[in-house]
2 protein chains.
Amino acid sequence: MRMHNPPHPGEIIKSLCLEPVGLTVTEAAEGLGVSRKTLSAILNGRSGISPEMAIRLSIAFNTSAESWLSQQVQYDLWHAEQGRKALKVIKLAA
Amino acid sequence: MRMHNPPHPGEIIKSLCLEPVGLTVTEAAEGLGVSRKTLSAILNGRSGISPEMAIRLSIAFNTSAESWLSQQVQYDLWHAEQGRKALKVIKLAA
DNA sequence: CGCTATCGTAACCCGAGGCGTTACAGATTA
DNA sequence: TAATCTGTAACGCCTCGGGTTACGATAGCG
């Protein structure tokens with residue numbers, strides 16, 4: 001299990017894609033073809049990056065969709081690990 | 001975009017975890033602490049691997065939860081890419 | 001001081017998806 | 001034949017992504 005809470009992908013979008021170019025949340029949302037609410041939810045960590053959103057980001061910012069989803073996986077996994085002990089699972093293989 | 005349709009993670013589970021050990025779907029489901037229906041849906045590609053399920057798999061089969069989720073991401077992403085052209089996205093950065 | 005823009009968010013509506021239980025039909029095996 | 005295993009349909013429940021509308025707060029500008 002990772003030691004520290006990985007940052008939410010939304011923070012990375014904000015600091016690496018919007019701020020450097022001086023992009024407004026409203027402008028970015030329009031560019032991504034998504035509602036302002038949807039983008040805002042992501043930027044503030046209230047929504048995750050869906051596969052479709054990852055593709056939108058990859059097109060708009062010329063990046064890798066996979067990298068966005070990987071970050072989301074790290075984030076989701078870290079939080080899921082927090083409830084690991086609550087899972088009743090039996091070892092089935094060595 | 002990847003050229004070929006990546007296999008559904010469920011197929012990997014079946015061929016790499018259950019069959020080698022002669023595990024029954026019913027037995028595996030019980031071991032994983034999940035309903036038989038849930039596991040069956042995954043094995044037959046009708047459900048994806050959730051973060052929680054990835055952790056269950058990692059415990060039961062002594063594997064990496066991350067690898068399961070990565071495979072799921074590859075799968076989801078490939079399918080999402082199929083609808084790439086339908087997305088109205090504007091390039092916002094070089 | 002007003003006007004305008006930006007932003008976060010709440011309230012709703014939808015559809016999708018994960019998970020559970022029950023139940024049934026088909027196949028396989030003892 | 002009887003028991004087991006399997007896929008799956010039919011429900012219900014809850015979460016979550018996404019859309020629209022609308023409100024209050026903040027900040028910039030004429």
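Bear in mind the structure is a predicted one, so any value in this text is a computation, not a measurement. Chain naming here is simple, since letters A, B, ... match the order of the sequence lines and numbering starts at 1 in each.
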Q.
So which atom in B/S58 and which in A/R84 form the shortest heavy-atom distance, rounded to 0.1 Å?
A. OG-NH2, 3.9 Å
Q: Go through residues 35-59 of chain B and report each residue with a non-hydrogen atom lying under 4.0 Å from DNA chain D, sorted by number.
A: B/R36, B/K37, B/S40, B/N44, B/R46
Q. What pairs of residues pass the ring-ring contact (aromatic ring centres under 6.0 Å, His included) test when at least one of them lies in residues 31-59 of chain B, not counting sequence neighbours?
A. none
Q.
Whole angstroms only, please: what is the CD1-P distance between B/I13 and D/dT6?
A. 14 Å
Q: Rounded to the nearest angstrom, tell me the gap between atom NE2 in B/H79 and atom P in C/dG17.
A: 12 Å
Q: Begin from the C-alpha positions of B/W68 and B/T63 and carry the test side chain to side chain donor-acceptor pair (under 3.5 Å) through to its verdict.
A: CA-CA 9 Å; B/W68 291 115; B/T63 52; 2.9 Å; yes
**Q.** Length of the line joining A/D76:CG and D/dT15:P, which is rounded to integer Å
**A.** 16 Å
Q) In whole angstrom, what separates A/L87's CG from C/dG18's P? A) 17 Å
Q: Rounded off to whole Å, could you give me the CG-to-C1' distance for the A/L23 and C/dC7 pair?
A: 15 Å
Q: Tell me yes or no: between the side chains of B/S67 and B/S70, is some donor less than 3.5 Å from an acceptor?
A: no
Q) Do you reckon A/L92 sits in the same ILVMFWY cluster as B/L16, going by side-chain contacts under 4.5 Å, direct or chained? A) yes
Q: Can you tell me the distance, in whole Å, between the CD atom of B/E30 and the C1' atom of D/dT6?
A: 14 Å
Q: Walk me through it: do B/F61 and B/L18 pass the test side-chain contact (heavy atoms from CB on, under 4.5 Å)?
A: CA-CA 10 Å; B/F61 300 107; B/L18 306 198; 3.9 Å; yes
